[in-house]
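Beneath this line is the structure, given in structure tokens, with notes to follow.
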Amino acid sequence: MSTSREYLLSVQSVAKAFGGNQVLRDVSFNVQRGEIVGLLGPNGSGKSTLLNCITGFEAVDGGAIALGARRIERLQAHRIVRHGIARTFQLPSMPTKMSVIEVAMAACTRQHGVLATLLGLPALRRAEEQARAKAERLIDELLLSPVRDLPASALSGGQKKLLGIVCALMGEPELVLLDEPTAGVHPNLRRDLVEALKRLNAQGMTLVIVEHDMHFIRDVCSRCVVLDRGEIVASCRPDKLASNARVIQAYLGGRHSPQALEENAP
Amino acid sequence: MFDFLVSALTFASLYGLMALGLNLQAGYGGLLNFGHIAFAGLGAYGTGIAVQAGYSPWLGMAFGVLLAMGLGGCVARLGRKLASDYWGIATLAIAEILRVVATNEGWLTGGAQGIGAIPTLFDGVAFLLMMLALLGIATLLCQRLADGRFGRALRLMREEPQLAACMGYDLTSLKSRAIMASAALTAIAGSLYAHFMSYVGPDYLLASETFLLWTMLMIGGLGNLRGVLLGVFLVQAAYSLVPFAKDYLGFDSDLAGALRLGLIGAILLACLMWRSEGLIPEKVRKIA
């Protein structure tokens, strides 16, 4: 692939079917380093499946996915994470017997061998201390400090999403895929989240965000990719979405004015 | 009386080591191993076969530990596509296969008669002291493992495997390392069991032994070491007390055997009904 060197993430002709249901057909798009790309589409358009295919949780039926120059479409999920793609889930579920801080620290996966843990070498203790400090910082940044010692399962839906983001950021990935980060998150917190994401992006992190909130998309994303029934129907700047005929058709199903999309913004 | 107490406590510490091993898999990793006793059996037979062939019993123990770890690695990898409950059934089957092999391959294992004349390393009290020291060390090591990075990864895998995978943990490798560590500990216990009884036979591999260990864990509390040790102590105490009651109340031996099982069943049932997480449930760990 000649294009793979120029893009951080490159998705080429990816197809995926569940039984007879073709969920993704010939999906191709690229993400440049430093972009924040919004992935949009009506319910059932294949956004989450696409995320699952990129992160190795679903095997693709065909097509190619590359991170930088490395083909990743046949790799297992944990290997893809190690190459630098982290993700969050739409409906995160969290452990009942681990505190928020412990879950965040678990996201630091280095040196977790049996012998290393048994011996408790100084290097390991340092790494553990670093992981704790980093987890504290991210927890503080995403306003989870008050619930730091609660069982992670006791968090509200919105807080679980934030904890999911904390976990995704712990490994310092190059690319983060966020599945509906603002659904269920309080509006005040949403503002902080926008700021936090922009800050991370300024530090060089590339983001792909599945989202239904148009305001959020407009505030954060530099480009939008729109999926409809498993196909990409548009790739444009967020402010051009409302005047894109195919996007309007995807969301509203017929001939509607741009205003109608604004009013019905999902 | 003193001898009886020493032997009861020695049995309790032997079972304690095996229960700690099972807890590594079932308590932290959430792995439903119903063939756990196979690891102890391999440790015991490793020792028995080495002694029979004239080698040092320590070599036999090492051989048994290696065999058990090998079996553990295989079990983890063979069953990586199975859902946890089906995997549990597979482990039960593997332990049964080993028991049948041990019963029938007389040239190697002595068949149903087993292998006798295994030297007891120390006598009575000294053996008990060694066992208590070993149990203490094993408990400390398990504690360190559980609270450290490996245990954290295991506990995350137990509760949220998808989250663990998307943090970059290789679940198959986590499972097999947990099972192999557990197998090593359990095989040491099995080998010492053979020394203590100076005998090894296919009865060591009975599925009921695995379920006895499970009972201890469920009564005490899975995933927490104090709970596991309490469970071992309680079950072992119930086992040892019934013969006393028999002498005291004057019922016959058949009834005593049945009462033993009935008593443990009743304790288990009561725990399941009123303390479903065991007498000492696992707590969320504090990180200062």
Side-chain angles (χ1 to χ4, degrees), chain A residues 52 55-57 76-89 92-120 124-125 127-128 131-132 135-136 148-154 163-164 167-168 170-171 173 177, chain B residues 24 27-30 69 72 80 137-138 140-185 221-224 227 277 281-288:
Chain A
N52 285 341
T55 50
F57 282 91
Q76 288 172 292
H78 68 270
R79 298 215 175 278
I80 294 178
V81 185
R82 290 179 196 175
H83 288 311
I85 301 186
R87 70 166 294 178
T88 65
F89 288 93
S93 100
M94 290 289 167
T96 52
K97 297 285 186 186
M98 292 172 79
S99 63
V100 168
I101 179 89
E102 211 185 9
V103 172
M105 284 171 72
C108 182
T109 58
R110 281 176 299 125
Q111 292 182 304
H112 66 277
V114 177
L115 277 181
T117 310
L118 279 180
L119 295 174
L124 181 81
R125 248 176 285 159
E128 182 79 345
R132 197 187 58 79
E136 301 275 13
R148 175 189 183 275
D149 295 315
L150 290 185
S153 62
L163 180 54
C167 293
M170 280 293 288
L177 312 178
Chain B
L24 272 182
Y28 301 132
M69 288 175 78
R80 67 181 186 276
I137 294 170
L140 285 178
L141 290 179
C142 283
Q143 185 78 54
R144 181 168 245 186
L145 216 50
D147 293 345
R149 295 199 158 196
F150 181 68
R152 199 178 291 146
L154 278 187
R155 287 182 281 123
L156 188 71
M157 172 181 79
R158 169 189 72 189
E159 296 203 46
E160 300 294 342
Q162 197 182 41
L163 186 62
C166 94
M167 286 176 180
Y169 288 111
D170 179 352
L171 301 189
T172 310
S173 143
L174 265 183
K175 274 180 205 169
S176 55
R177 280 181 289 157
I179 296 173
M180 284 164 79
S182 154
L185 180 57
L222 275 160
N224 128 55
E277 289 190 53
E282 184 185 4
K283 289 195 185 67
V284 173
R285 284 164 174 75
K286 286 257 176 299
I287 291 182

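Within every chain, numbering begins at 1; the chains are lettered A, B, ... in the order of the sequence lines, protein sequences first and strands thereafter. What you see is a predicted model, and the numbers here were worked out from it, not measured in a lab.
- Note: B/L174 CG to A/T109 OG1 = 10.0 Å, rounded to the nearest 0.5 Å.
- Contact count versus chain A (heavy atoms, under 4.5 Å) is highest, among B/Q162, B/R285, B/M180, for B/Q162.
- Looking at A/A127, the atoms closer than 4.5 Å to chain B (heavy atoms on both sides) sit in the backbone and in the side chain alike.
- Both the backbone and the side chain of A/S99 come within contact range of chain B, each with at least one heavy atom under 4.5 Å from a heavy atom of that chain.
- In summary, A/E128 and B/R149 engage in a salt bridge, as defined by a charged side-chain N under 4.0 Å from a carboxylate O.
- Nearest heavy atom pair, residue B/C166 against residue A/F57, reads CB-CZ, 3.4 Å.
- For chain B, no part of A/L177 is nearby; none of its heavy atoms comes within less than 4.5 Å.
- When side chains are defined from C-beta on, A/H112 counts as touching B/R177, because their heavy atoms get closer than 4.5 Å.
- By number of non-hydrogen pairs under 4.5 angstrom with chain B, the leading residue of A/V81, A/I80, A/I101 is A/V81.
- Using a 4.5 Å heavy-atom threshold, the side chains of A/H78 and B/T172 count as separate.
- Using a 4.5 Å cut-off between heavy atoms, B/L154 does not touch chain A at all.
- Heavy atoms of A/T96 lying under 4.5 Å from chain B belong to its backbone as well as its side chain.
- Only the side chain of A/R82 comes within less than 4.5 Å of a heavy atom in chain B; its backbone stays farther off.
- Chain B forms the most heavy-atom pairs under 4.5 Å with one residue out of A/G56, A/A86, A/C108, and that residue is A/C108.
- Heavy atoms of A/M94 lying under 4.5 Å from chain B belong to its backbone as well as its side chain.
- Taking A/P151, A/P95, A/G120 one by one and counting their heavy-atom pairs under 4.5 Å with chain B, the maximum is reached by A/P95.
- Of all the heavy atoms in A/D149 and B/V284, the pair that sits closest is O-CG1, 4.4 Å.
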Next on the checklist: For B/R155 and A/M98: C-alpha separation, side-chain torsions, deciding distance, then whether side-chain contact (heavy atoms from CB on, under 4.5 Å) applies.
Outcome noted: CA-CA 8 Å; B/R155 287 182 281 123; A/M98 292 172 79; 3.9 Å; yes

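- Smallest separation of non-hydrogen atoms from B/L163 and A/V103: CD2-CG1, 4.3 Å.
- When the candidates B/G148, B/A181, B/G168 are compared by the number of heavy-atom contacts under 4.5 Å with chain A, B/G168 comes out ahead.
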Item to check | Test salt bridge (Lys or Arg N to Asp or Glu O under 4.0 Å) applied to A/E102 and B/R152, step by step | outcome: CA-CA 8 Å; A/E102 211 185 9; B/R152 199 178 291 146; 3.8 Å; yes

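- Heavy atoms closer than 4.5 Å to chain A are found in the side chain of B/E277, but not in its backbone.
- For chain B, the option among A/R79, A/R148, A/R87 with the highest count of heavy-atom pairs below 4.5 Å is A/R148.
- Proximity to chain B involves both the backbone and the side chain of A/A107, based on heavy atoms less than 4.5 angstrom apart.
- Atom-to-atom distance recorded for A/R132:CZ and B/I287:CD1 is 8.5 Å, nearest 0.5 angstrom.
- The candidate with the highest count of non-hydrogen atom pairs below 4.5 Å against chain B, out of A/P173, A/A77, A/P92, A/A106, is A/A106.
- When heavy atoms are compared at a cutoff of 4.5 Å, B/K283 approaches chain A solely by way of its backbone atoms N, CA, C and O.
- Only the side chain of B/E160 comes within less than 4.5 Å of a heavy atom of chain A; its backbone N, CA, C and O stay farther away.
- Per-residue heavy-atom pair counts under 4.5 Å with chain A were compared for B/E159, B/R158, B/R144, and the maximum is reached by B/E159.
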